[in-house]
Amino acid sequence: MTPVHFSFSSAFMLGLMGLTFHRTHLLSALLCMEGMMLSLFIALSLWSLQLESTTYATAPMLLLAFSACEAGAGLALLVATTRTHGTDHLQNLNLLQC
C-alpha cells in the first residue's frame with residue numbers, strides 16, 4: 001500500500017468514523033459526509049491520472065457534481081429542520097412523527 005493510498009483511505013475512514021460516532025448535530029454529520037466525498041474525489045482523480053486514459057477523466061467531475069448536489073440538499077434540510085424544530089440535534093428528529 002502506497003503512502004498516498006493509505007492517506008486517502010485513512011481520510012475516508014476518519015470521515016466514516018466521525019459520521020458513526022459523533023452524530024449529535026446534523027451539521028457535523030453533513031461535514032463528515034462532505035469530507036468522505038472529497039477524499040473519494042481526490043482518490044478518483046489520482047486514479048484516472050495514473051491510468052492515463054481519457055475515458056475515466058469525466059468520473060471525478062461527475063462525482064464532484066453529485067457531491068455539490070448532496071451538499072445543497074443537506075444544507076436545505078438543515079435550514080428546514082432548524083426552522084421547524086429550533087435545533088439541529090439528531091436526537092430530536094423523529095421520522096415517525098409529522
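Note that the structure is a prediction, hence the values are computed from the model and not measured.
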Inset, instruction - Return the set of residues passing side chain to side chain contact (heavy atoms under 4.5 Å, CB included) with Leu38 (not counting sequence neighbours), or none when no residue passes. - result: none

Inset, instruction - Give the minimum heavy-atom separation between Glu34 and Ser67, together with the two atoms involved. - result: OE1-O, 4.0 Å

Legend entry - Distance (rounded to the nearest 0.5 Å) between Met37 CE and Cys32 SG: 14.0 Å

Legend entry - Residue pairs fulfilling ring-ring contact (aromatic ring centres under 6.0 Å, His included) with at least one residue in residues 23-61, sequence neighbours excluded: His25-His89, Trp47-Tyr56

Using distance only, find each side-chain donor-acceptor pair of residues 73-82 under 3.5 Å and give its atom names and separation, not counting sequence neighbours.
| unit_1 | atom_1 | unit_2 | atom_2 | d |
| --- | --- | --- | --- | --- |
| Thr81 | OG1 | Leu77 | O | 2.7 |
| Thr82 | OG1 | Leu78 | O | 2.7 |

Inset, instruction - Answer yes or no: is there a side-chain heavy-atom contact under 4.5 Å between Pro60 and Leu63? - result: no

Legend entry - Under the side-chain hydrogen bond (donor to acceptor under 3.5 Å, both in side chains) test, residues paired with Thr55 that sit two or more places apart: Ser53

Legend entry - Qualifying ring-ring contact (aromatic ring centres under 6.0 Å, His included) pairs with a residue from residues 60-79, counting only residues at least two apart or across chains: none

What pairs of donor and acceptor atoms, side-chain ones from residues 10-17 against any protein atom, are under 3.5 angstrom apart with sequence neighbours left out?
| unit_1 | atom_1 | unit_2 | atom_2 | d |
| --- | --- | --- | --- | --- |
| Ser10 | OG | Phe6 | O | 3.0 |
| Ser10 | OG | Ser7 | O | 2.9 |

Inset, instruction - Not counting sequence neighbours, which residues clear side-chain hydrogen bond (donor to acceptor under 3.5 Å, both in side chains) with His22? List them please. - result: none

Legend entry - Met61 with Phe8, same ILVMFWY side-chain cluster at under 4.5 Å: no

Legend entry - Atom pair NE2/CG of His85 and Leu26 - distance to nearest 0.5 Å: 10.5 Å

Inset, instruction - For the pair Ser48 and Leu51, evaluate side-chain contact (heavy atoms from CB on, under 4.5 Å) and give the outcome as yes or no after the intermediate values. - result: CA-CA 5 Å; Ser48 65; Leu51 287 180; 5.8 Å; no

